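Here is the structure we will look at.
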Amino acid sequence: MKKKKYIAFFLLTLFFLTVYKVTDSYVKDKVVTYLETEEISYKDISVNLFSGNITLKEVSKEKDSLLFNVEKLEVKGVSYYQYIQNEAIHISNLKTLNPKISGKFKKNKKHKKELKKTSKNKKLDLEIEKVSINNLEIDVLKDDNFPFKVQSFNLEITDFKLDSTSHKSIPFSYSKIESSIKNLETQYSKVQKVKFSKLTFTENNLSLDSLEIVPLKERKEYIHFVAEEKELLTLFSKKITISDIKIEEKEKLTFSSKHILLDKVFFDLYLDATLLEHPNKRKHLYSKNLRDLPFNINVEKLDIINSNLVYEEHTIKGNKAGILVFDDLNAEITNINNKLDKVTKLTTAKIQSKFMKESSLDITWTFDINNKNDDFRIKGSLFNVTSKNMSSFLLPTMNVKMDGFIDKMYFDFEGNDYASNGKLNLDFKNFNIKILDKHKNKKTVISWLVNLLIKDSSKNGSVKVKVEKLERDQTKSFWNYLWKNIEKGLQKSLI
């Protein structure tokens, strides 16, 4: 009797092992067939039916002009029950080791349309408890033929769920995401590239180290590689942090953050205006640019600290570039919010700096992003401006040299996208204007006539003037608009 039981047990075990082996072989054949259909090659494959694990080694896939290589791909905990019962794919862990993307990236609009049609017709339910991408290297050419390189990219997503039928911008959800990037570098024009040393994203906080925008051409030649007059940028930021990030999508994609900090930013703008004409393109004010973003933004506070801004403009051939320097720049901007239902309407920027290393500059600037007239108010003060600092920009760009000293200057302007009004109060001493020829010699008669027109009361003393109905040049920036208001006030003060 016992012998029969042993034989029955042996036969039953043999049956299950046979079924397991057959099924395991069947599943492996299915996986292999799928890989062949998708033209995915590999060196070795391991399938464990019992645990639901699939391991591939030295995987490669070529699609369009891109080549994907993975040293090791692990899929763990595939749920056959979910697939059989619900036609859903449920995976415990998806892990890649040392993947690499190379080749050329091309935008394929037709493919995107076909993909959208496919996603509408067939629903794909995919859930992965944990996704890990380890040490991804990217070395590709973008569709503009400029390079895009990443030395190392790491990503970990928990509770990933794909909704293939969703019409949202982000068709998936997750409970937690962490990521890091080392040494990203890309070129976005013939004259500029951008790079950074490290990016980390964890617990909804982002940190970016050593962000740089680097010129690829010398100042004397860059203008020959651009289609229209534009500035050459140089930027270095030691540290950028973005705290409490939330990305949501209800009616519209929304990005929000409680605080953004930019520390030790050096920003240099150099313009060669001697060769090309100024582009006749409309430049919108900041309020409209923020209002027209394709997503909602809500940044409670943005701080810029310990920073420097330099603007250089080469206007007259043979002259040096005029220069404006803003040292010890600190700015606090609150309520960067373009949502229609926001409680606080005004965005407020408070800026403090040293102008040309000596003069204290304070600015308060307010505007409502959702105001379609783009109304704004900007007021501030500037103290102890020397003639040397004034001439550092006016002499090279206009061949105008100014002698004198501004003790105090207060300005308060209100305006919109079309015109502005305001007032300017000045206390200054010993003003004298010299107009020079191209050889830097004083044009005596013209300078004498200009100084003859200067109000006697303005050479020493206080002046209060109003600036009314100053039209905005809509092809130039907001800061040019501010300068034109101040320039108009100075003209009314002096002449």
Side-chain angles (χ1 to χ4, degrees), residues 20-80 82-84 87-119 122 124-143 145 147-157 160 162 164 171-172 179 181-182 184 186:
Y20 173 79
K21 277 293 183 183
V22 171
T23 309
D24 186 70
S25 178
Y26 173 78
V27 172
K28 184 175 181 179
D29 288 342
K30 279 287 187 183
V31 173
V32 169
T33 301
Y34 173 78
L35 294 173
E36 290 176 351
T37 302
E38 294 296 321
E39 297 181 341
I40 299 173
S41 61
Y42 56 90
K43 185 176 182 181
D44 186 45
I45 183 171
S46 173
V47 177
N48 189 316
L49 178 65
F50 183 76
S51 61
N53 295 346
I54 302 170
T55 302
L56 296 167
K57 293 182 180 178
E58 296 186 27
V59 185
S60 64
K61 163 72 175 175
E62 191 170 352
K63 184 171 179 60
D64 298 328
S65 298
L66 289 176
L67 179 62
F68 300 85
N69 291 291
V70 183
E71 184 178 309
K72 188 176 182 180
L73 172 64
E74 293 181 343
V75 182
K76 293 185 177 181
V78 179
S79 174
Y80 302 109
Q82 288 290 338
Y83 183 74
I84 294 169
E87 293 188 357
I89 299 174
H90 187 280
I91 299 170
S92 296
N93 197 322
L94 174 63
K95 184 178 180 180
T96 65
L97 178 63
N98 296 331
K100 182 176 180 179
I101 303 174
S102 57
K104 184 173 182 179
F105 177 79
K106 293 181 179 179
K107 289 183 180 179
N108 194 331
K109 296 180 180 179
K110 183 178 179 182
H111 176 69
K112 287 183 178 180
K113 289 178 181 178
E114 290 175 353
L115 190 63
K116 286 181 180 179
K117 289 179 182 178
T118 304
S119 64
K122 187 176 180 180
L124 173 63
D125 288 331
L126 174 63
E127 294 185 19
I128 307 175
E129 293 177 18
K130 189 176 181 180
V131 179
S132 300
I133 298 174
N134 298 308
N135 198 33
L136 167 64
E137 181 186 350
I138 302 173
D139 187 358
V140 300
L141 288 176
K142 300 180 292 182
D143 60 339
N145 286 321
F148 180 85
K149 296 181 180 181
V150 174
Q151 180 184 337
S152 177
F153 172 73
N154 296 279
L155 176 68
E156 191 170 288
I157 305 176
F160 175 90
L162 175 68
S164 61
F172 61 87
S179 179
I181 299 174
K182 287 185 179 179
L184 181 148
T186 185

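All figures in this text were calculated on a predicted structure; none of them were measured in a lab.
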Under the rule for side chain to side chain contact (heavy atoms under 4.5 Å, CB included), what residues qualify as partners of [X], not counting sequence neighbours?
X: K61; value: E39, I40, K63, F68
X: T55; value: S46, K72, E74
X: E71; value: L97, N98

[X]: which residues meet the side chain to side chain donor-acceptor pair (under 3.5 Å) condition with it, sequence neighbours left out?
X: K142; answer: T186
X: S41; answer: S60
X: K104; answer: N145
X: N134; answer: none

When rounded to the nearest 0.5 angstrom, what is the spacing between [atom1] in [X] and [atom2] in [Y]?
X: I181; Y: Q151; atom1: CD1; atom2: CD; result: 12.0 Å
X: I101; Y: K149; atom1: CD1; atom2: NZ; result: 15.0 Å
X: L184; Y: S152; atom1: CG; atom2: OG; result: 11.5 Å

Which atom of L73 lies closest to which atom of V70, heavy atoms considered:
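That closest heavy-atom pairing would be N-CG1, 4.1 Å.
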Quick one: are S179 and F153 in side-chain contact, heavy atoms under 4.5 Å?
yes
Can you tell if the side chain of T96 reaches within under 4.5 Å of the side chain of L136, non-hydrogen atoms only?
no
Applying salt bridge (Lys or Arg N to Asp or Glu O under 4.0 Å) as the test, list every pair that has at least one member in residues 41-55; sequence neighbours left out.
K43-E58
Name all pairs fulfilling the salt bridge (Lys or Arg N to Asp or Glu O under 4.0 Å) condition that reach into residues 90-100, sequence neighbours left out, sorted by first residue then second.
K100-E137
Under the rule for ring-ring contact (aromatic ring centres under 6.0 Å, His included), what residues qualify as partners of F172, not counting sequence neighbours?
F160
Determine all donor-acceptor pairs shorter than 3.5 Å in which one atom belongs to a side chain in residues 126-133; sequence neighbours excluded.
none

Pick from L94, I54, N53: which one makes a side chain to side chain contact (heavy atoms under 4.5 Å, CB included) with K76?
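It is N53, the one option of L94, I54, N53 that forms the side chain to side chain contact (heavy atoms under 4.5 Å, CB included) with K76.
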